[in-house]
2 protein chains.
Amino acid sequence: MSEKKRITLDDVARLAGVSAITVSRALRRPEMVSEAVRKRIDSAVAELGYVPNPAARHLATGRSNVIGVLIPSVTNNVFSEVLKGIYAASETSPYDVQLANTRYCANTEESALRLFASQKPAGMVVSGFDQTEAGRKLLETLDCPVVQIMETGEDPVDVCVGLSHFHAAEAATRHLLAQGYRRPGFLGARMDPRTRRRFAGFRAEAQAAGVFAEARVVTSTEASSVTKGAEMLRQLMAQAPEVDAIFCNNDDLALGALFEAQRLGLSVPERLGICGFNDLEVMAVANPSLTSVRTRRFEMGRSAIEIILARLDGGWQGPRVVDLGHEVIARQSTARQR
Amino acid sequence: MSEKKRITLDDVARLAGVSAITVSRALRRPEMVSEAVRKRIDSAVAELGYVPNPAARHLATGRSNVIGVLIPSVTNNVFSEVLKGIYAASETSPYDVQLANTRYCANTEESALRLFASQKPAGMVVSGFDQTEAGRKLLETLDCPVVQIMETGEDPVDVCVGLSHFHAAEAATRHLLAQGYRRPGFLGARMDPRTRRRFAGFRAEAQAAGVFAEARVVTSTEASSVTKGAEMLRQLMAQAPEVDAIFCNNDDLALGALFEAQRLGLSVPERLGICGFNDLEVMAVANPSLTSVRTRRFEMGRSAIEIILARLDGGWQGPRVVDLGHEVIARQSTARQR
DNA sequence: CATCATGTTGACAGCGCTGTCATTCGTCAA
DNA sequence: TTGACGAATGACAGCGCTGTCAACATGATG
């Protein structure tokens, strides 16, 4: 019943009455083959249901059709949006996306990178700018398009697509101050490089206004989560009860903080203003709805792939640094009467 | 500076003073090579930083090192947990996971399957039992371990790991009834096969108790989301205001429904009981905390890969149907005074 | 001492494809 | 008419690895 034998170029060639190499050309650069022959080949391909063997192609060309993607976490909501964009853009391309999880560890990233390098990827997508030195060098010698996502930076390996977390956090803090809050605090979990830059933005803005206090900062090295947000708010209220607003380094923390504030009987936004980061879907629906900073995660993933495809196709005319920007979405959780 | 040349088996062989094939063996079946030679080879490998070329191996063996994973959605929280399990279990193995998105469409799934088939995957993970006929046949002739995840079924292609959505929904409904709710409703988005089975479980249990009413069912073909949950509750309250409890086909809907209930001034759990499905992390922290049905999604992903690895390694002694079960986690949102 | 099983190593071909030539043939200018 | 040239096609080798089988050494056996 099931024919186990693989259908090869030769089979197609025989059926079409041409040589294998011509079939190969007809498939890859149809313009090099006369129309008559191309038609014969196309119908032979269809008749036999021929599918090229990527491994053989890889071996012959020394190039794989893999686009490697290095992200710190598969589960984090933020990255899952990015991934969605990546898959959306790559689906119709002849390239395969291959994911590796760096777990927020530069060394893990480096070894994953090394593994990808051995496959001669068609392109690479990596998160941020905080590679190890060897990792960075590896990326530079990879000889394929490399897109750094999640943030913007001065000197990308090749191209980067993201936003300035520092500026975004500044804007969020500015919003809190504009709403009349005067004793802002900060909740930050995981404290990866981008979280740290957000903290720096918060601090810079708060210090400029003369309202920064170390006691109103609660951080954790653990992963962020809704539960964590609740815990951290409790801790913050214990150590700095005067706090009147919080900037959370992401939406999970903000949501957890909201729930906990309700349990503690702190009215939001009157007694406590809450601002998250990323603007996950839940923020708009929560009760009260939660202020957040919108980041364009889906677009980040999508353009990363689109840039790679454009590069591979000859041209990418865009700039080396693509800033997708940010937008503070003010909602009930910071809508205090001034 | 950067040596572009690939290091091959031959290079290692030359340095170790043996033939290429011996190096190949030392790497794949060390027990077939004498200890002295193995040591020389190992140090040559280390010295040169040799990394095997998977494409060449694939071509020579006719087998790739790819484990194909077909899931309906990359973003859905449920699958991201499963993915995490998959990545966790495959990370240390020599196999590469490759993902394809079926978008809840059997035809998309079939063509992805066809693509994978052409790569001779080492193993396949697919979601559920609702393949097209051709898809099912393809899986059967794939000649590699195939694990169906997300649900249990009578006749898996090979092995399946999941739970009975019907029974889980029955249990949730039983819980609502045991809490004294008498006019239960159902909120269901996306209505994929598993959602439908959950609905069937809800209906069966409600009908058995004589409390099922078609008017208290709200469904949608759109994807589920927190926003959707809010919308659907509003619709339900409009068309069947007598409803006193809802079973939501997943947690996003339940959370959205909770927020909307608060906005509508419906007290939870007194006026309205809410039960979700999957027990995402947020359920325990919400205020009030939300009852849900815990499913072991991480384990599903992990065991799928473990089963494949065991199969490839010679033996998988376990059953063909692995039921990971379910557990109703009762929380405040259904804790009504009887 | 011949015989044989066992353990270790190597030679060789070939997986399916493509890069690099070489070849053929028709066309057009001189 | 001739030569030159470009377009279309093909022959061949080889990408890096492994399956198969042969060769060899070793020590046990009769």
Side-chain angles (χ1 to χ4, degrees), chain A residues 3-42 44-45 48-66 94 115 117-122 143, chain B residues 3-42 44-45 48-66 94 115 117-122 143:
Chain A
E3 268 302 310
K4 290 284 164 191
K5 213 199 140 308
R6 179 168 197 108
I7 291 144
T8 70
L9 267 187
D10 274 311
D11 300 325
V12 178
R14 214 168 305 123
L15 182 58
V18 294
S19 73
I21 186 70
T22 302
V23 177
S24 168
R25 277 196 284 252
L27 263 35
R28 291 181 306 149
R29 301 99 123 325
E31 74 281 4
M32 292 185 65
V33 169
S34 70
E35 195 180 324
V37 171
R38 200 187 322 140
K39 273 189 182 154
R40 285 216 311 279
I41 290 176
D42 286 349
V45 165
L48 295 175
Y50 169 74
V51 181
N53 181 335
R57 175 174 293 172
H58 176 179
L59 192 56
T61 57
R63 266 270 165 241
S64 78
N65 71 332
V66 166
L115 207 60
S118 81
Q119 295 194 44
K120 291 272 180 192
D143 189 32
Chain B
E3 269 303 310
K4 291 283 162 188
K5 213 201 139 308
R6 170 159 208 118
I7 291 143
T8 70
L9 267 187
D10 274 310
D11 300 325
V12 178
R14 213 168 304 122
L15 182 58
V18 294
S19 73
I21 184 70
T22 303
V23 178
S24 168
R25 276 196 284 254
L27 264 32
R28 291 181 305 149
R29 327 319 227 1
E31 75 281 3
M32 291 185 66
V33 169
S34 70
E35 195 179 326
V37 171
R38 199 187 323 141
K39 271 188 183 157
R40 285 215 311 280
I41 290 176
D42 285 349
V45 165
L48 295 175
Y50 168 74
V51 181
N53 181 336
R57 177 175 293 171
H58 176 177
L59 192 56
T61 58
R63 267 270 163 241
S64 79
N65 70 331
V66 167
L115 207 61
S118 81
Q119 296 194 44
K120 291 271 178 194
D143 189 32

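Just so it is clear, the values below take in all heavy atoms, side chains as well, and ignore hydrogens, waters and symmetry mates. Treat the numbers as computed from the prediction; the structure is a model and nothing was measured. To find a chain, count down the sequence lines: A is the first, B the second, and so on, and within it residues start at 1.
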With a 4.5 Å cut-off on side-chain heavy atoms, are [Y] and [X] touching?
X: A/Leu27; Y: A/Val12; result: no
X: A/His58; Y: B/Asn53; result: yes
X: A/Tyr50; Y: A/Val23; result: no
X: B/Arg40; Y: B/Val18; result: yes

**Prompt:** So, are A/Asp11 and A/Arg14 salt-bridged, with charged N and O less than 4.0 Å apart?
**Reply:**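 Here A/Asp11 pairs with A/Arg14 in a salt bridge, since their nearest N and O are under 4.0 Å apart.
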
**Item:** Distance test, side-chain N/O of A/Thr22 to OP1/OP2 of D/dT9, below 4.0 Å
**Value:**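 So the side chain of A/Thr22 is outside the cut-off, no N or O lying under 4.0 Å from OP1 or OP2 of D/dT9.
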
**Complete:** Protein heavy-atom contacts under 4.0 Å, written 5' to 3' over nucleotides 13-22 of chain C as B (base), S (sugar-phosphate only) or - (none), form the string -BBBBBB---

**Prompt:** In residues 32-40 of chain A, which residues come under 4.0 Å of DNA chain D by heavy atom?
**Reply:**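 Here the set is A/Val33, A/Ser34, A/Val37.
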
**Prompt:** Distance from B/Leu9 atom CG to B/Ile41 atom CD1, nearest 0.5 Å?
**Reply:**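 Nearest 0.5 Å value for the CG-CD1 distance: 9.5 Å.
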
**Request:** Can you measure from CZ (B/Arg25) to CD1 (B/Ile21) and round to the nearest 0.5 angstrom?
**Result:**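 Nearest 0.5 Å value for the CZ-CD1 distance: 5.0 Å.
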
**Prompt:** Is the number of heavy atoms from other residues, nucleotides or ligands under 6.0 Å of B/Glu31 CD greater than 12?
**Reply:**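 Above 12, so yes.
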
